[in-house]
Each structure stands twice: as C-alpha cells, then as structure tokens.
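For reference, the structure is listed below as structure tokens.
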Amino acid sequence: MPDSPCPPVPRVLGVAVPSPLRRLFDYRPCGESPPGGWQPGLRVQVPFGRREVVGVVVECRDASELPLSSLRPVAGCLDGAPLPADWLWLCRFAARYYQHALGDTLHQAMPGLLRQGRALEARTRERWCVTVAGHQDAPPGLARAPRQAELLSMLRQHPHGLVSQAILAQSFSRDQLRALADKGLVARHEEPLAASPAAEGDAGLTEPALPLNREQAVALAAIHERLDGFHPCLLHGVTGSGKTEVYLQLIEAVIGRHRQALVLVPEIGLTPQNLARFRRRFRAPVVALHSGLTDHERLDAWEAAASGRAPIVLGTRSAIFTPLARPGVIIVDEEHDGSYKQQDGLRYHARDLAVARAHHHHIPLLLGSATPSLESLQRALHGDYRHLRLTRRASRHAPARLELVDLRGRRQGGLIPPVIETVRETLAAGHQVLVFINRRGFAPTLACHACGWMAECDHCDARMTLHRQPPLLACHHCDRRRALPDTCPECHSVDLRPLGSGTERTEETLASLFPEVPVHRIDRDSTRRRDALEQMLAEVRRGEPCLLVGTQMLAKGHHLPHVTLVVVVNADAGLYASDFRALEHSAQLLEQVAGRAGRAAHPGRVLVQTLHTDDPHLRLLAERGYDALASQLLEERRAARLPPFRFLALLRLEAPREAAVVDLGGLAAEALRQRIGERGLEVDCLGPVPAPMERRQNRYHLQLMLAADRRSQLHEAGAWLVTWLEGRPEARRVRWSLDIDPQTLA
Ligand code: ADP
Ligand code: ZN
Ligand code: ZN
C-alpha cells in the first residue's frame with residue numbers, strides 16, 4: 001500500500017501493536033497532533049486490553065469497521081517525526097512475505113529502547129577545542145590561574161580537541177573549562193556519541209587499499225558499472241581469494257559518493273579481527289551492531305545509521321533492519337551461512353531481505369561466498385544475478401584438495417594412526433594443525449557395556465551428551481542436565497563408557513599424544529567467557545606449533561596463517577541425513593574448514609576421515625571441489641522438484657499433548673486441501689507427519705509441508721492457512737508457526 005499523504009487530522013489510526021494477531025487495531029487520535037501531523041511510522045502509546053503498549057501507526061484513515069464512538073483514543077504520541085520510512089517499508093514487506101503479524105515484526109525489528117518508548121535522538125557529548133585566541137603566544141587572563149594555563153597547554157596538543165570525560169579524567173575541573181571558555185580561549189562543541197568522525201578519524205590509521213589482482217579488478221569494475229540501480233551480484237570466490245578486499249574497495253567507492261554501505265556478516269564473522277580490518281581501512285566511522293552492545297549503544301548505532309551520520313554499518317542478521325538515510329550498497333558476506341536465517345518468531349532470512357531491500361532502494365547488492373547456497377548459485381547461473389568469479393587465492397597457494405581417509409580400523413580419540421603420524425610430522429615441521437569435529441562435549445553419549453543402555457533425555461527423542469568439564473550429562477536440544485550415574489540405571493553394572501568422541505575427548509587424546517605442544521579447544525563451552533576466543537586466537541596467531549580442536553566456530557572466517565594441516569575427524573554426519581539440504585550444508589562446511597589450511601607461506605593439506613570413501617558425493621567434492629558438487633546437487637534438486645526449483649513453506653505444530661497436535665494437524669491439512677481444490681491452486685500439501693525429532697522439550701512436534709512451483713500460489717495458500725488457524729479454537733492449545741522458505745526441516 002502506498003504511503004499516501006495523510007489528511008490533516010484523520011479520524012482513525014490503524015495501529016500495529018506487539019501481538020501475534022495479524023491485524024491492525026483502530027484508535028482515535030488523541031487531542032494534540034504531533035508536529036508534522038499524524039503519519040505512518042509514529043510510535044504511539046495505546047491502551048491494549050488492560051495494559052498500555054507501544055504501537056506504531058500504520059494507517060491514517062477516516063473510517064473504521066467499528067463505530068467511531070467505540071474506538072479508544074491513543075494515550076500519546078511518542079515521536080516528533082515518524083520512524084524511518086525505509087525501515088517501515090522493510091518491516092511491512094517482511095511481515096507480508098513471512099506471513100507474520102506486523103505488530104510483532106515492528107516490535108522485533110526496533111531497538112529495545114524504542115520498544116520501551118524511549119525517544120529516537122542522538123545522545124551527545126561535549127568536545128573542547130582551543131580557539132584561535134587560545135593559540136596565541138601569551139593568552140590573556142591566565143597569569144593568576146596556573147591550572148587553567150596547564151589545561152590550555154594540554155588541550156593545545158590535541159588538534160581535534162578532547163571530550164569532557166578525557167579532560168576530567170586528568171583531574172581538571174568543569175569550572176576550569178568554563179573559565180577558559182568565558183575568556184574565549186576554548187570552545188565547546190556538542191557531538192553525537194555514535195559515529196562522530198572526529199572521535200575516530202585519525203588519518204594515520206588509514207591503511208591503503210591493496211592493488212587488486214586481475215580477477216578482483218574485473219569483479220569490482222562489474223559492480224562499479226552500475227552503482228545506481230538494483231544490480232545483484234554473486235561474488236563467488238574460493239576461500240582466501242580476496243573477496244573482503246573487493247568489499248572494502250566497493251565501500252570506498254560508495255562512501256565517496258556520500259552513500260552508506262550496509263554489510264552483513266555471519267554470527268561468528270563479526271570478530272574483533274574483522275572489525276579491525278574495516279576500521280583500519282576507513283577514515284569514516286564504522287558502526288558495528290553485535291550482541292555485545294548495551295541498549296543505549298544499539299540505539300545510538302541505529303540513530304547514526306538512520307541520520308546518515310554512519311557511512312558504514314556492519315552487523316549480523318538483525319542488522320538488515322537498520323534504517324539508512326542514504327543507502328548505497330548492501331553486502332552479504334558468506335551469503336550461504338545458516339545464521340542469516342532466524343529460527344523463531346519472525347522467521348526471516350536476512351540474505352533474502354537484503355535482496356528485497358536492495359531492489360526497493362535501487363542499489364547494488366553483493367552476495368559473497370566461496371560456497372554459495374544453491375539458491376543464489378542457481379540465480380547466478382540462470383542470469384538473474386551477475387556471476388563474478390575469483391578462482392585463485394590472493395596468496396601463493398591454491399586451496400588444498402580434500403584427501404579422503406578410510407576411518408575403518410583402530411582409532412585413538414577418533415583419529416586413525418596414519419593421520420596421527422601426519423599430525424606429528426606437521427608439528428615437527430613447526431606448523432599448526434586444526435582438528436575439526438562438529439560435536440562439543442566429551443562424547444556423544446554414555447553407554448553401558450553390559451546391557452547396551454544409553455543415556456537419553458527424558459524430554460527429547462535424543463541422547464544426552466557426556467561432558468567432562470564439568471562432568472555431567474547434557475541434552476543439546478533442551479539444555480536439560482543430569483549428574484553422571486555411577487552405575488547403569490537398567491542393570492546396575494558399573495561398566496559405563498563414553499561412546500564416540502566430541503571436542504573435549506579429542507582435546508584430551510591429542511594432549512596425551514603430543515604432551516609437548518599446547519592444545520587449544522575452541523567450541524561454545526570453552527568460549528563462553530567474553531574475549532576467550534580472541535585471546536586463544538591471538539595466542540595461535542603468534543605462530544608457535546600448536547593443535548587447535550574445534551567445532552564450526554573455528555571453520556569459518558578466521559584467518560589462521562600458520563595452520564597447514566586440517567583434519568576432519570568425521571565427515572559422515574551430513575552424507576545420509578534425511579534433510580534434503582544436509583549434503584549442501586556439510587559440503588559448505590567441509591570446504592570452509594579446508595579453506596583454513598595453507599593460507600600463507602606454506603601449502604596446506606586437508607585429511608578427511610570417513611567410513612564412506614566411496615560415497616559419490618564425497619568423492620566428487622574431494623576430486624573436483626564444491627562447484628562440481630553444487631552443479632550435481634542442483635541437477636538432483638531439479639529432478640526431485642525441490643528448492644531452488646520449487647518453493648516450500650513448513651507449518652510446525654507443537655504441544656505437550658500429542659493428540660492436540662495430531663487432531664489440529666489433520667483438520668488443518670483437510671481444510672487446506674479443500675481450499676486448494678476450490679481455488680484451483682497448484683500447491684501440494686504434504687502430511688501432517690511427525691517432525692524428525694517427534695518429542696523435544698517434552699512436547700510433540702508435527703509438520704505440514706506446502707510446496708508449489710509458483711511463489712504467489714504458495715503465498716496464497718500460506719496466508720489462508722494462517723488465517724484459518726487464527727480462527728480455530730483448537731489452535732489455542734497448540735503452538736504453531738509457518739516457516740516460509742524453511743532452511744531445515746527439523
Ligand atoms: P576472502 O574474503 O576471499 O576469504 P580475504 O579478503 O580475507 O579473502 O583475503 C585473503 C588474504 O589475501 C588476506 O590476507 C588479504 O590481505 C590478502 N589479499 C587480498 N587481496 C589481495 C591483493 N590484491 N593483493 C595481495 N594480497 C591480497
Ligand atoms: Zn546396563
Ligand atoms: Zn532434551
């Protein structure tokens with residue numbers, strides 16, 4: 001719906017309130033109009049049920065379906081000007097596309113303080129600079145004020161001035177500052193807290209751009225050709241091929257035209273190392289949106305982006321909702337990464353919203369990856385995206401091929417003897433080794449050797465993971481914990497043993513095999529403390545021989561120049577999984593892990609242990625690389641009529657009682673099939689079927705899948721289903737959600 005200019009005082013405000021209900025609520029405007037008149041995007045305080053909530057005006061109308069006299073007035077308007085229009089547009093788009101309530105979408109997409117009704121304005125601080133008069137040789141009026149004279153001479157050493165805190169920290173006082181100001185020797189400036197250029201821009205820090213190699217130059221020129229229109233590009237470059245350098249130079253061009261760049265990185269990609277790389281390059285402030293920000297900092301960053309003061313905004317998934325005054329480009333790094341998909345509430349995919357947003361703003365979009373998602377790859381191959389290739393590493397050595405190693409036979413902590421030998425040789429040569437195992441904990445479970453009992457979660461259809469640090473059993477699906485039993489609960493035998501290996505066990509084995517080298521374990525458990533990861537990586541970057549054991553946390557993004565050998569403990573998890581994307585995801589992960597090897601002076605090797613050395617997919621990946629496997633998978637998807645050749649939506653239903661879920665699932669499927677028939681839609685409705693893990697967190701999970709060749713038809717069916725569910729009394733006892741373009745069928 002276009003945002004038509006509002007009548008001076010509309011009689012009805014259609015307000016989106018934070019609620020799961022997919023509708024607006026009508027209110028009457030309150031007595032006084034906001035300065036610019038009533039408009040969409042203004043936050044209002046409204047009575048809702050027995051509470052007052054913060055809602056957003058979405059429509060200004062003169063009529064309501066309810067009698068005007070029955071409408072309650074808004075309690076007050078919270079904004080002098082509407083929240084940014086581009087943000088409101090994106091929220092409305094996302095709510096419609098993902099069939100989610102607009103009120104809840106807006107609520108999730110705004111910083112916490114705005115949700116609480118706080119004003120959107122820049123917080124400021126004071127900066128004090130010496131005036132021309134203050135730079136004279138003997139400024140007047142200081143003869144009898146030695147502290148003021150000292151303060152002045154201190155400030156003279158700071159050409160960009162100093163902020164109040166820095167001055168007060170040197171035990172000068174506010175009175176002394178004021179006295180100098182009264183004499184006209186210093187001047188006070190107010191500047192915003194976030195993204196104030198003077199605060200960051202020390203020209204000396206700016207690092208020059210690297211001269212691009214041929215492929216990088218061609219890619220950059222291709223994007224550069226059209227900076228003024230929607231222009232989606234897939235930057236498909238092997239690990240270490242210098243994609244980031246292309247981003248940096250593209251951003252330089254964009255901010256040179258006084259436009260803003262929005263850069264999305266995966267959850268584990270926004271490392272201090274990456275951020276520092278951006279900050280070193282640009283004199284302009286880089287605003288980073290990450291989970292470590294306080295509420296105030298988050299609001300400051302949002303405001304700096306919305307006002308246009310921040311030329312570069314870098315953030316994880318939710319940063320796609322950052323308003324921009326002058327959007328110039330959107331870059332999505334590692335576009336295939338799973339962390340771009342939100343798995344609860346508004347189940348959006350930040351990459352897909354980036355496409356919509358770039359289209360809306362008529363700006364270029366750059367999706368970068370060494371292992372593009374099949375969705376993006378297909379679009380590039382089909383010509384919808386410009387396909388830009390970087391086939392060579394910027395450094396000397398090509399990415400290493402995967403060498404498959406037969407895992408059958410004797411193992412120690414998950415590694416077979418020839419692999420252990422190679423690790424030994426690599427360490428002896430003074431290099432580092434990365435051992436990748438995508439399972440945290442000591443062992444996947446604890447088993448009784450007498451009767452075969454295994455530790456299972458009471459609340460999930462899953463085994464509990466054995467941890468040693470601290471010792472306990474934990475369910476990784478519901479976070480339930482249990483003390484380690486001394487004897488088997490079934491047969492009372494004391495012969496309980498760990499089954500399989502996780503990171504802790506691998507760490508322990510390696511430490512005993514190689515007592516003279518440090519072993520660093522990097523997984524969610526070892527990096528809970530803030531900065532723990534950076535500290536460990538800083539240690540690793542010093543370059544002494546060491547062993548790194550880690551999960552996918554280690555696999556992505558990190559530049560570990562001294563690692564020359566990568567060992568994948570077990571590649572088999574994704575090979576025969578039921579989820580149709582499992583193979584794609586595990587191939588991406590393997591390629592990313594392999595990409596950690598040999599990035600600097602020495603070439604790398606990658607040993608992949610598997611029980612299935614003859615598996616055709618794994619062989620294809622090992623012998624011909626990700627691109628070859630991806631083309632093969634695309635052919636398989638086409639034949640099986642699966643995404644990206646078809647569109648899916650997944651209805652998930654869950655409740656404590658199985659019957660409630662099964663009954664509602666059956667009714668929903670029946671009603672939907674009837675509707676599809678009546679409307680003549682070409683939509684398949686599959687199920688209901690139990691979810692792959694039927695019982696999780698002590699609740700039953702059921703699924704209904706919708707599949708269609710045409711997106712519009714899928715959306716029509718999905719929208720109808722959601723409305724139907726909202727109207728069913730049975731649905732109140734069941735938690736349900738519709739996932740458009742689901743990334744996992746779990
Ligand atoms: P990617 O993002 O594709 O994994 P990076 O941009 O991190 O690759 O580049 C990998 C390494 O190569 C970095 O150390 C980077 O400084 C270096 N590099 C990138 N481009 C060039 C270039 N044109 N000349 C020299 N070194 C480069
Ligand atoms: Zn037993
Ligand atoms: Zn559990």
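These numbers come from the heavy atoms of this one structure, side chains and all, not from hydrogens, waters or symmetry mates. Atoms within each ligand, like the ligands themselves, are counted from 1 in listed order.
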- Message: Could you check whether any side-chain heavy atom of E335 comes within less than 4.5 Å of a side-chain heavy atom of P372, counting everything from C-beta outward?
- Response: yes
- Salt bridge present between R652 and D344 (N-O < 4.0 angstrom): no
- Message: Tell me if a side-chain donor or acceptor on E584 pairs with a main-chain N or O of R581 at a distance below 3.5 Å.
- Response: no
- Item | Presence of salt bridge, R281 and E245, under 4.0 angstrom | yes
- Task: Look at the aromatic rings of H387 and H236 and report parallel, tilted or perpendicular, splitting at 30° and 60°.
- Result: parallel
- Can you run down the salt bridge (Lys or Arg N to Asp or Glu O under 4.0 Å) pairs that involve residues 475-485, sequence neighbours left out, and say none if there aren't any? D458-R480, D458-R482
- Does a donor on one side chain and an acceptor on the other come within less than 3.5 Å for E591 and T371? no
- Message: Just to be sure I understand the cut-off, which residues have at least one non-hydrogen atom under 4.0 angstrom from an atom of ligand 1?
- Response: L210, P211, L212, N213, Q216, V238, G240, S241, G242, K243, T244, E245, R277, A394, H559, R599
- Message: Using a 3.5 Å distance criterion without hydrogens, assess whether the side chain of R596 forms a donor-acceptor pair with backbone atoms of Q592.
- Response: yes
- Salt-bridged, K243 to D333, with N to O below 4.0 Å? no
- Return the set of protein N, O or S atoms whose distance to the Zn ion (ligand 2) is under 2.8 Å, each given as residue and atom. C448 SG, C451 SG, C488 SG, C491 SG
- Starting from the Zn ion (ligand 3), count all protein N, O or S atoms within a radius below 2.8 Å. 4
- Less than 4.5 Å apart, any side-chain heavy atom of M553 and any of R440? no
- For the pair R541 (side chain) and P561 (backbone), establish whether a donor and an acceptor sit closer than 3.5 Å, ignoring hydrogens and angles. no
- Message: Has R401 got a side-chain atom pairing as donor or acceptor with E623's backbone, closer than 3.5 angstrom?
- Response: yes
- Does R317 come within less than 4.0 Å of E267, counting only side-chain N to carboxylate O? yes
